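Working notes for the structure below.
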Amino acid sequence: MARSTWHHHTRTRVGYAEKYAHLEAPLKAIAEAHPEYGYRRSTAELRETYGYRVNRKVVARLHRLWDLPLRRTVTRPKPSAVRRAIDAAGPHANLLSGRPKAEIGPLEVFYTDFTELVYADGALTIIDGVDAPSRRHRDVPRWY
């Protein structure tokens with residue numbers, strides 16, 4: 001490469017957004033009209049509708065640059081069997097509701113605590129289970 005060419009390109013370099021500024025309006029129009037389109041379909045739409053012949057890599061980079069990624073709707077997963085049972089039970093799902101804490105006997109109700117200890121080679125999960133009277137009186141020593 002000639003020295004003059006190198007210096008010309010380093011001094012007159014144009015940013016990506018400036019270089020392809022003429023594609024911003026068409027790409028935003030495509031994204032609004034067809035939110036399910038990705039960069040591949042947007043590239044085809046630019047070529048067919050607007051007459052711009054642009055590489056798909058350029059369109060993908062412009063999508064990221066102008067925050068035009070997919071505006072797809074996310075479908076929620078079906079509720080699990082446990083979630084369906086809780087929803088079906090409604091207000092009766094909480095068996096302790098309205099029951100005084102003093103009436104709860106030993107080993108009737110357990111409270112759990114999940115603690116994750118992360119170290120260099122991995123992680124250790126500690127599950128601590130305490131019944132209601134022990135938790136209330138704090139007879140169980142806390143070791144963490």
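Atoms considered below: every heavy atom in the structure, side chains included; atoms not considered: hydrogens, waters and symmetry mates. Owing to the predicted nature of the structure, the values given are computational and were not obtained by experimental measurement. In this chain, numbering begins with 1 at the start of the sequence shown.
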Looking at side-chain heavy atoms only, is the closest gap between [X] and [Y] below 4.5 Å?
X	Y	result
Y39	L68	no
T115	D128	no
R61	Y20	no
I30	Y50	yes

Taking I86 as the starting point, is it possible to reach V109 by hopping between hydrophobic residues whose side chains are less than 4.5 Å apart?
no
Provide the closest heavy-atom pair for [X] versus [Y] in the form atom of the first, atom of the second, distance.
X	Y	result
E32	P35	O-CD, 3.9 Å
N55	T43	C-CG2, 4.4 Å
S42	Y37	OG-CB, 4.0 Å
F110	D131	CD2-N, 3.7 Å
E116	A123	OE2-CB, 3.9 Å
E103	E108	O-OE2, 3.9 Å

Find the distance between CG (L23) and CH2 (W66) and round it off to the nearest 0.5 Å.
6.0 Å
Return the CZ to CD distance between R41 and E36, rounded to the nearest 0.5 Å.
6.0 Å
Distance-only donor-acceptor hits, side chain of residues 7-14, under 3.5 Å, sequence neighbours excluded:
from : atom 1 : to : atom 2 : distance (Å)
T10  : OG1    : W6 : O      : 3.2
T10  : OG1    : H7 : O      : 3.0
T12  : OG1    : H8 : O      : 2.5

